[in-house]
J.: 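What follows is a structure written as structure tokens; I'll ask about it next.
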2 protein chains.
Amino acid sequence: MCPVACMPQPETRDRILDAAEALFVEHGFEGTSMRVITRSAQANLAAVNYHFGSKDALIQAVFRRRLTALNEARLAALDQLEAQAGDAALKPSRIVFAFFGTALAMAADTEHGGATFMRLLSRTYNEPNAFVRQFLAEEYAEVMDRFLGALFRALPEVPRTEIMWRFHFMMGAMSFAMAGIESVHAMAGLPYEDEDPARLLPRLMSFLLGGLRAPLADLAETPRPMMFDVHDGIHGAG
Amino acid sequence: MCPVACMPQPETRDRILDAAEALFVEHGFEGTSMRVITRSAQANLAAVNYHFGSKDALIQAVFRRRLTALNEARLAALDQLEAQAGDAALKPSRIVFAFFGTALAMAADTEHGGATFMRLLSRTYNEPNAFVRQFLAEEYAEVMDRFLGALFRALPEVPRTEIMWRFHFMMGAMSFAMAGIESVHAMAGLPYEDEDPARLLPRLMSFLLGGLRAPLADLAETPRPMMFDVHDGIHGAG
DNA sequence: CACCATTTCAAACGCCTGTTTGAATCATAC
DNA sequence: GTATGATTCAAACAGGCGTTTGAAATGGTG
């Protein structure tokens, strides 16, 4: 029998989690077979089903291992903000920083695997797999609720729909930031120049806050003519 | 023999392309089998290999069918800008609009399948599958080169690396814009409210230009203390 | 009509998938 | 030493995968 004291888990479990995390980033969930995972983790094929029950449960475990900590850190940062502010209104930039700065702090942690995980997480936000999507939605529910609510209160004059969209846009920018600049270099046919990851946070924050503070779009002022030219161009070519 | 009465059903090739496009959006490339594609297209299983050669070739065909037109429209819009400007410098906002406005114009075209395709394209930008990634990079090479070059010339005082990063961030925001607001509603546990897609373009453009015009980040002014608090929080919890 | 290229079709191919099984191994407790 | 539960292991399972095959059906042309 194994008493609660023997928490030092057999390391097989963790080796599998590490291997799966790295392989999922590289080849996606469906593109990564259990045989590749277990071989990479130097474990037996049946070990995944023994320790986790199924491949889907393994995917959940990979996320839960780090996502719980990340979201708790986010909530803690928001708690601290609200405690400091007292009854005063929170600055939107502080709220944004509490959410995205926390994520980038984990992404900058290359030693404990946080960087790998954040690349996986950002790539998974729009995962086609329905099971993964619902799982992520549940994991994010509380954090989203708290941060959107804080932004609603901080920007009472801005329509809530507008705030949700801008938060969505910010998530997209962060997602691509996590993925790295390599794709831009590749698509532009440029050689890849290594970047200092420490510069990513200020770069992204500056961009995010610029977008958040941008004047609200006035539908009447949209430059329609060019829009329609382009539209016709697409139809003509297609 | 098929009399005139029987509907002029689109050719098998096109039915397969349409079915594959829609299914790829929903379940990804690896999650969509040839059997599901051909059944959905009401075609024989062997039809894909007959018409396209392989599943990979089908994926390429799905993209090429619309991506070529999209990128040609983008280049045409940039050509027009440069012709109008003559020797004068281009306004960065115009360049951004030529790139992203064109994409959103296609995304707004729900009747010809442009909307479906743009959702697929935006999700595929960070595809793990190496084959798809390289194919996309090649398809994008010329457009990326032209637009980045235009931005470099329009913003000579801004470091090129900074411009590339911001362009990357903008791509991320657009990618999530294409995916729709549903995920935010789902993650926040809110009911999904249908949105007017016509409002998406001004919303996104306002955000993108706000981000593009944001002051350049000053590394020295990064709010370090909070950053480290959060960082420690993550380590402590993990 | 026959001819011929194009397209469809059912069936099979070999390989890979996630999962299960039952025995072997290990570590600990009595 | 032996009993006990946890873990590993090789082997097999049923089923799905992309692809190939060769014959049947189709449609236009001389």
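A note on names: the letters A, B, ... follow the listed sequences, proteins ahead of strands, and every chain is numbered from 1. As the structure is a prediction and not an experimental result, all values here were calculated from the model.
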J.: Is there a side-chain contact between B/S33 and the phosphate of D/dC17, meaning an N or O under 4.0 Å from OP1 or OP2?
T.: yes

J.: Please tell me if B/T12 has a side-chain N or O lying less than 4.0 Å from either OP1 or OP2 of C/dT7.
T.: no

J.: So, does the side chain of A/R35 form a donor-acceptor pair with the base of C/dG18 at under 3.5 Å?
T.: yes

J.: Below the 4.0 Å mark, does D/dG18 have OP1 or OP2 next to a side-chain nitrogen or oxygen of B/S54?
T.: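 Checking B/S54 against D/dG18: no side-chain N or O falls below 4.0 Å of OP1 or OP2.
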
J.: D/dA10 phosphate, OP1 or OP2: any side-chain N/O from A/N44 under 4.0 angstrom?
T.: yes

J.: Send over the distance from A/E11 CD to C/dA27 P, rounded to a whole Å.
T.: 13 Å

J.: Quick one: do A/R123 and B/E127 make a salt bridge, cutoff under 4.0 Å?
T.: no

J.: How many whole angstroms separate atom CD1 of B/I16 from atom C1' of C/dT8?
T.: 11 Å

J.: Expressed in angstrom and rounded to an integer, what is the separation of A/R13 atom CZ from D/dT7 atom P?
T.: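 Nearest whole value for this atom pair: 10 Å.
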
J.: How long is the line joining CG of A/D56 and C1' of C/dT19, in whole Å?
T.: 12 Å

J.: Looking at C/dT19, D/dT19, C/dT8, which one has an atom nearest to any side-chain atom of A/M34?
T.: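 The nucleotide sitting nearest to the side chain is C/dT19.
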
J.: By nearest atom, which of the nucleotides D/dT8, C/dT8, D/dA10 is closest to the A/A46 side chain?
T.: D/dA10

J.: Please report, rounded to the nearest Å, how far the P atom of D/dC17 is from the NZ atom of B/K55.
T.: 8 Å

J.: Can you find a pair of side-chain heavy atoms, one from A/L120 and one from A/F63, that are under 4.5 Å apart?
T.: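 Contact flag for A/L120/A/F63 side chains = yes.
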
J.: Rounded to the nearest angstrom, tell me the gap between atom CD1 in B/I37 and atom C1' in D/dG18.
T.: 11 Å

J.: Just the rounded figure in Å: distance from C1' of C/dA5 to OH of B/Y50.
T.: 8 Å

J.: Report yes or no: is the cationic atom of B/R74 (NZ for Lys, CZ for Arg) under 6.0 Å from the centre of the six-membered ring of B/F99, at an angle within 45° of the ring normal?
T.: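 Output yes; distance and angle both within limits.
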
J.: Side chains of B/F152 and B/M164: does their closest heavy-atom pair fall under 4.5 Å?
T.: yes

J.: For A/T38, answer base if it contacts any base atom (sugar-phosphate contacts may also be present), sugar-phosphate if it contacts only those atoms, and nothing otherwise; contact means non-hydrogen atoms under 4.0 Å.
T.: nothing

J.: Inspect the contact between A/R65 and A/D18 and indicate whether a charged nitrogen and a carboxylate oxygen are less than 4.0 angstrom apart.
T.: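 Answer for the salt bridge query: yes.
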
J.: Looking at C/dT8, I'd like to know if its phosphate oxygens (OP1 or OP2) sit under 4.0 Å from a side-chain N or O belonging to B/H51.
T.: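 The answer is yes; a side-chain N or O of B/H51 sits under 4.0 Å from OP1 or OP2.
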
J.: C/dC15 P sits how many Å from B/E30 CD, rounded?
T.: 20 Å

